[in-house]
Amino acid sequence: MTKTAERLPAAAAPLAPPPSAAGGGRGRRALADQVRAYGFLLGGLICFALFSWYPAIRAVVIAFQRYNPGSAPEWVGTANFRRVLHDPEFGAAWRNTLTFTLLALLVGFAVPFVLALVLNELRHAKAFFRVVVYLPVMIPPVVSALLWKWFYDPGAGLANETLRALHLPTSNWSNGTDTALISLVIVATWANLGGTVLIYLAALQSIPGELYEAAELDGANLLQRIRHVTIPQTRFVILMLMLLQIIATMQVFTEPFVITGGGPESATVTVLYLIYKYAFLYNDFGGACALSVMLLVLLGAFSALYLRLTRTEGDA
């Protein structure tokens, strides 16, 4: 029986599928997953293409055309750019925009960081003060601008009434050529303060406590701890927020449109407000798009720098 059993063939092992068949199955599943994923994204991609890509491409085309309502577009080359460059308000708009951006960086960059430092050191009522700081962000921008317009009223506005109660000299605020722009900077800083403070606060809370303990053991005071621990540990967040703030403030429109109307004497005309005037007051869509392309190129440079820095930090 033993010899007979030895002559019997062993039980055949199950055959494995050919490598090509297994690879083909995985490839089909991967392709099906990609098709399904893009199917879910299709609605968002269509909306993004219709409301972002197409208007941007169309604006670049119109920048080289004479395009007015009721008439056929006419190709004029760089005539729109030349006409815009010779507009007396062109220089004022760019000067006001750059000045607004610089002042917003000086005021709106330091104040949120200091507030975040204060909130980070609080031991009680942290949640309450976070809500208080973030509250202006929840107010619609136009409503916020209208409130500040009443606040800045040189006659019965709350700002001058408070100064009179304190027996201090009053100001023209948004109605003065020398104070209008800084008044708008204060409005923009107040309106966007909350989000920036919370981002800084999150960055501060991610710093290891051991670094502060080591600095205290070395005899570092509060300012030295901020300089040698806090700022180096949050430098990437600071730089990113600075670039994003530059991009946002160079597109300021709501405050000059609602509060000052670009005045007094073009003291608060910004590039975006001038684009609005070309398009909806002058019916010159070619000039408006030419200005938009100029602003697009400048903001595109800052956006490219932002993407480069974020990619570099991610690779690190």
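Residues: numbered from 1 along the sequence shown.
- Between Cys289 and Ala59, the shortest heavy-atom contact is CB-O, 3.3 Å.
- Using modelled atom types, one side-chain atom of Asn80 and one backbone atom of Ala63 make a donor-acceptor pair closer than 3.5 Å.
- Within 6.0 Å of OH on Tyr67 lie no more than 12 heavy atoms contributed by other residues, nucleotides or ligands.
- The closest side-chain heavy-atom distance from Val271 to Met250 is not below 4.5 Å.
- We find the CZ-CD1 distance between Arg225 and Ile231 to be 13.5 Å, quoted to the nearest 0.5 Å.
- In this pair, Tyr276 and Phe280 present their aromatic rings tilted. The plane angle is within the 30 to 60° band.
- One distance of note links CD of Glu89 with OH of Tyr278; it measures 8.0 Å at 0.5 Å rounding.
- The hydrophobic cluster containing Trp150 also contains Ile139, counting ILVMFWY residues as joined when their side-chain heavy atoms lie under 4.5 angstrom apart, directly or transitively.
- With no hydrogens or angles considered, no side-chain donor-acceptor pair links Thr177 and Glu265 at under 3.5 Å.
- Annotation: side chain of Asn160 is not in contact with side chain of Asp153 (no heavy-atom distance under 4.5 Å).
- Under a 3.5 Å cut-off, the side chain of Gln245 and the backbone N or O of Ala104 do form a donor-acceptor pair.
- One finds a salt bridge joining Asp284 and Arg83 here, because a Lys/Arg side-chain nitrogen approaches an Asp/Glu carboxylate oxygen to under 4.0 Å.
- Shown here for Thr268 and Ala180, the closest heavy-atom pair between the two residues is CG2-CB, 3.6 Å.
- Neither Phe51 nor Trp53 shares a network with the other; the hydrophobic side chains, linked directly or stepwise wherever heavy atoms of I, L, V, M, F, W or Y lie under 4.5 Å apart, form separate groups for each.
- Here the side chain of Thr97 pairs a donor or acceptor atom with the backbone of Ala93 at under 3.5 angstrom.
- Ring planes of Trp75 and Phe64: parallel class, angle under 30° (limits at 30 and 60°).
- Between Leu103 and Ile182 the shortest side-chain heavy-atom distance falls below 4.5 Å.
- Between Met294 and Phe81, the closest side-chain pair of non-hydrogen atoms falls below 4.5 Å.
- No path of Ile, Leu, Val, Met, Phe, Trp and Tyr side chains, each step under 4.5 Å between heavy atoms, connects Val118 with Leu201, placing them in separate hydrophobic clusters.
- Between the side chain of Tyr200 and the backbone N or O of Pro112, no donor-acceptor pair lies under 3.5 Å.
- Going from atom CD of Glu121 over to atom CG of Leu204 covers 9.0 Å, rounded to the nearest 0.5 Å.
- A heavy-atom distance below 4.5 Å is not found between the side chains of Val252 and Leu272.
- Under a hydrophobic clustering in which Ile, Leu, Val, Met, Phe, Trp and Tyr are joined whenever their side-chain heavy atoms come within less than 4.5 Å, directly or via other members, Ile46 and Ile57 fall into different clusters.
- Residues forming a ring pair (Phe, Tyr, Trp, His ring centres under 6.0 Å) with Trp148 (at least two apart in sequence, or on another chain): Phe151, Tyr152, Trp190.
- By the neighbour-count criterion of 12 heavy atoms within 6.0 Å, atom CZ of Arg235 is sparsely surrounded, having that number or fewer from other residues, nucleotides or ligands.
- With hydrogens and angles ignored, the 3.5 Å screen pairs no side-chain donor or acceptor of Asn120 with any backbone N or O of Ala116.
- For CZ of Arg164, the number of neighbouring non-hydrogen atoms (other residues, nucleotides, ligands) closer than 6.0 Å is greater than 12.
- Under the 4.5 Å side-chain criterion, counting only non-hydrogen atoms from C-beta, Phe128 is in contact with Val132.
- The neighbour count for Tyr54 OH, taken as heavy atoms of other residues, nucleotides or ligands under 6.0 Å away, does not exceed 12.
- Between Thr230 and Leu117 the shortest side-chain heavy-atom distance falls below 4.5 Å.
- No donor-acceptor distance shorter than 3.5 angstrom exists from the side chain of Ser266 to the backbone of Gly263, with no hydrogens or angles considered.
- Transitive grouping of hydrophobic side chains (ILVMFWY, heavy atoms separated by less than 4.5 Å) keeps Val114 and Leu106 in distinct clusters.
- With a 4.5 Å cut-off on side-chain heavy atoms, Phe100 and Thr270 do not count as touching.
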